[in-house]
Every structure is written in C-alpha cells, then in structure tokens.
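Convention: sequence-line order gives letters A, B, ...; per-chain numbering from 1.
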Amino acid sequence: MKKAPIQGMIEIEFPSEDIAKVVYESVIIEDRTVPYRRTKTKLELEGKKIRIEFTAEDNSALRGTLNSYLRWIKVAMDAVEL
Amino acid sequence: MKKAPIQGMIEIEFPSEDIAKVVYESVIIEDRTVPYRRTKTKLELEGKKIRIEFTAEDNSALRGTLNSYLRWIKVAMDAVEL
Amino acid sequence: MIALGIEGTAHTLGIGITTEDKVLANIFDTLTTEKGGIHPKEAAEHHAKLLKPLLRRALQEAGVKIEDVNVIVFSQGPGLGPALRVVATAARALALRYSKPIVGVNHCIAHVEVSKLYGDVRDPVGLYVSGGNTQVIALKGGRYRVFGETLDIGIGNAIDTFARELGIGFPGGPKIEKLAQKGEKYIELPYAVKGMDLSFSGILTEVVRKYKSGKYRIEDLAYSFQETAFAALVEVTERALAHTGKDEVVLVGGVAANNRLREMLKAMAEDRGAKFYVPPYDLCRDNGAMIAYTGLKMFKAGIRFKIEETTVKQKFRTDEVEVTWS
Ligand SMILES: Nc1ncnc2c1ncn2[C@@H]1O[C@H](COP(=O)(O)O)[C@@H](O)[C@H]1O
Ligand SMILES: [Mg+2]
C-alpha cells in the first residue's frame, strides 16, 4: 500500500480568549494520554485561535487523529459553556 | 452552543502526478455535487498534491465534511492501487 | 465481453464480474446492524473499508485481471447518498486509472434485468421486494414503468420492524416466515393496497398493537401478516400483468426468499397462463452481478457515460431510464 503522506493545518476561532485557553489546555492533556500515533501534531494557542499542524503517514492515520482532536475540542467546548 | 468557526487546509502528496490526477478527477465530481452542509470546501490539484481548503461553521460540520472527503480519497487510492 | 459491477446503494457492498451470459464472480458483504434501521454513514464506511479486498477477491475468483475488463459499472441509485458516493468515486477511479468506459445503472432495473440472465424470460413484469424498496415494474413504451409501489416503507423493512417488536432479531424475514408456518388462525389486519399502490405502515402498526395486547399467538400474527401483505403484492402484480398483457412474472429482491410469497405469486401467474420465475437468491438480494450484467447490456447498446455524468442519484426514478437495450 503505497503511502500518501498528508500534512496540513486547522485553525479554530473561539468566542473568547478564555474559552480558547481552556480548550487548549484540555486538549493538550488528552493529547498526552495517547501513546504512539502515526500522526505528528503541533498545537498552538494564539489569542482566540487554536492552530493544529499535523503530518500523517497516510489517510487513515490522519482521520483517526483529526477525529480525536475534533472530539476533544467539542467536549471541551460543551464543558466550557455549561 | 456558541459557534467556533474553523478554517484550514489539508494537503496530500501522492506517489505520482498520474495517481493524484485520477484521485482528483474522481473526487471532484462529489465535491461539486455534494449538498452544502455548513462547510465550504475548495479542492485543488497541484502536481503530485491535492489541496483541500475548508471553512466550517463549527466543529461537527467540519468533521462530517473531512470524513467524507478523506473517505472518497481513500477509496479512489484503493481503486488505483488495486 | 467482461463487465465489473459495483453495488452499494444500501448496506450491501457487492462486486460482480459477468459476461453476457455468465456470472464469473459475485461477492458481497452486508453491514450487519444488530437492530436494523438505516445507517448511511456506517454503510459508506463499510463500503470504503471493504472495497479493495472484495474487488481483489472477485477478480481472483473470476480468473480475470482488471485490464481484461471491458466496462466498469456502478449502482448510480436510488439509495443512501454517502454509500452511493463511495461506490461512484471508486468506479470513476477504476475507469480513469485503467482507461475503461464507465456506465451507471438504476438499482431497481438491474434487479429485474438480471432475471433474464439464467431465467427463460424476455420481457417480464417484475415484483421487486426488498428492505427499502417495494415496486412492480415492467417495460412499456421504452421505459420501465412503475405500476405500483409502496407509499411508505418497503415490505422487508415492515417485516424487520415487526420482528424487532417481537424481539426475535434482525433480519426478521426468515424468522417471521418460520413463525408463520406454525400459524393456524387468520387474524384480520388492514389491507395493504391503497389505490394503485401499496402501504405497509398501517398493517405494521396494527399487528404490533395486537401483539402488545397479548391476546394473540405470535405464530398466528406472523401468518396473518404474511397472508395480508403478500395478497396485496400479488394483487398489484396481477393488475400490472393484465394492464400490460405480458405473460412472464419475476420475483426479485431479498424478500423473494420467502416461500409463501413465491407460492402465492406462482398460483396467480399460473391462473393467468403466465410463466413465473425467481432467480437464484444470490441474484435476488443486492449484488454486484446484476449491476455488471445490466451495465454490459447498456454498454453493448451504445450507452456511454462521460465522467461528469457519473454523479449519484439518491432518488433515481425507475422510469427515468430510456431502455435502448433488450
Ligand atoms: N425468507 C424471507 N422472508 C421475508 N423476507 C425476507 C426473507 N429473507 C430475507 N428477507 C428480507 O429481505 C430484506 C433484505 O433484502 P435486500 O434489501 O434486497 O438485501 C430484509 O428486510 C429481510 O428481512
Ligand atoms: Mg435491492
């Protein structure tokens, strides 16, 4: 199965810097719980924005990682707005 | 649920320009006809790379769209590499 | 000539390889959901995951290399959008990568057309009964016309829902059939014909209500459900036979496995001096061979699809297709 390496970036703008910070910190914690992953990710907080840069070995590796990240962010967002 | 608009880009590098072209021409038909679901996408072919640019109203809109696009790209790659 | 067909309108991914008169391979894998119901995204994931392994196995079993295939055929609709899109994208990639022509096929038409492969039938009235679809179709004026169809749920879906209420698992068809064989008393249920068409939600609600009343044996309820629902199917099929003057009837779709339905339909056909045929079950249920077979006929009749024309059609009407093949 020839590899098709994937790299990219996702930037999410949150309603406020506080919310962005809370989400960022919770995602960082989640990210550490994942042992080895075939996708390298870099997370940055810039004011109201979170930037995720990633390089994945292939399609399925990326999908797994993106789905986890987006799920963690959703959970964090839901929690912040309670 | 306050909205957190997301924008970003994914770039996939394929083993050859021919393969990238086949995958692109297979997926672009869906990109053009899939009903709008709160995510705007732009698909581009550049040599061996396919770029997907996207802006999504929120997290779940993005997840749905990314999953569809990555699924189409996967299945096109599988067919090419039979 | 050799055609490779991909079926993926609902929960079944099917890869079929056929010539004009023979099935070389017919492999399928159905997404099993414990409680039934429609799962478009899961079906799309299922098809995307299994496409390559099934394609390889089908080619191997047929002793054919992809380069030997003359036309790539895919189920263009009707069906579940996400599932259709996966199959259409794969078909395009195959056609483009190996420079093969591509043809999109209507799922319901393929069900009836494939009865001509092994059956001694030329121009039948088709009763197509499956999980999601229930329609009586026949050729008239160069198109497959719908002479009667369900206005709400497919008969297979109604049977599966009834079985789920009884708590006897999914798919319900074979189980309801077994129960019905032990039925003795007929219990009145609302008739399922509505004008020219059919409607199964009424009979389903009523039989579930009677079951919950606890006053009836489930064998009798299963028996009565089949007798009432199948009588309606036979009536609408008979009307199409009379209307078209045709003398062949085929029963297709997953529900064609039911022996009682076959018995009732056969009796009606014989009363009218018409031939009755049911294809082998692997060509009745959703499968890729019916797609390949029909697509090959279309291809040989000169039908060509540009890549731009291979968009999916979730609500693909049976009478949209001009039948220029025979
Ligand atoms: N013996 C049977 N009697 C009635 N329905 C059946 C039988 N076997 C399978 N089915 C139904 O056929 C449907 C699946 O067919 P299909 O949608 O064509 O794949 C399901 O709803 C099953 O419950
Ligand atoms: Mg079917």
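- The minimum heavy-atom distance between Glu113(C) and Tyr293(C), with the atom names listed, is O-CE2, 3.3 Å.
- Annotation: side-chain contact (heavy atoms from CB on, under 4.5 Å) contacts of Thr150(C) (sequence neighbours excluded): Thr134(C), Asp152(C), Phe200(C).
- The candidate with the highest count of non-hydrogen atom pairs below 4.5 Å against chain C, out of Asn67(B), Ile29(B), Val23(B), Ile28(B), is Ile29(B).
- Ring geometry for Trp72(B) versus Tyr69(B): interplanar angle of 30 to 60°, hence tilted.
- Residues of residues 4-25 of chain C never come closer than 4.5 Å to chain B when only heavy atoms are counted.
- When the candidates Thr89(C), Val86(C), Leu55(C), Leu96(C) are compared by the number of heavy-atom contacts under 4.5 Å with chain B, Thr89(C) comes out ahead.
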Between Ile6(B) and Thr55(B), does the side chain to side chain contact (heavy atoms under 4.5 Å, CB included) criterion hold? Intermediate values first, please. CA-CA 6 Å; Ile6(B) 303 178; Thr55(B) 44; over 6 Å; no
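- For a residue to count as touching a neighbouring chain, one of its non-hydrogen atoms must lie under 4.5 Å from one of that chain's; by this rule Ile66(C) touches chain B with the side chain only.
- If you measure heavy-atom distances from Leu51(C) to chain B, the contacts under 4.5 Å come from the side chain alone.
- Checked for salt-bridge contact, Glu309(C) and Lys306(C) meet the test: a charged N lies under 4.0 Å from a carboxylate O.
- Ranked by non-hydrogen atom pairs under 4.5 Å with chain C, the options Val34(B), Asp18(B), Val27(B) are led by Val34(B).
- In this view, Lys100(C) satisfies the salt bridge (charged side-chain N to carboxylate O under 4.0 Å, His left out) rule with no residue, not counting sequence neighbours.
- Not a single salt bridge (charged side-chain N to carboxylate O under 4.0 Å, His left out) links Glu61(C) to another residue, sequence neighbours left out.
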Output, in order, the C-alpha distance, side-chain angles, deciding distance and verdict of side chain to side chain contact (heavy atoms under 4.5 Å, CB included) for Asp286(C) and Phe28(C). CA-CA 8 Å; Asp286(C) 285 355; Phe28(C) 27 73; over 6 Å; no
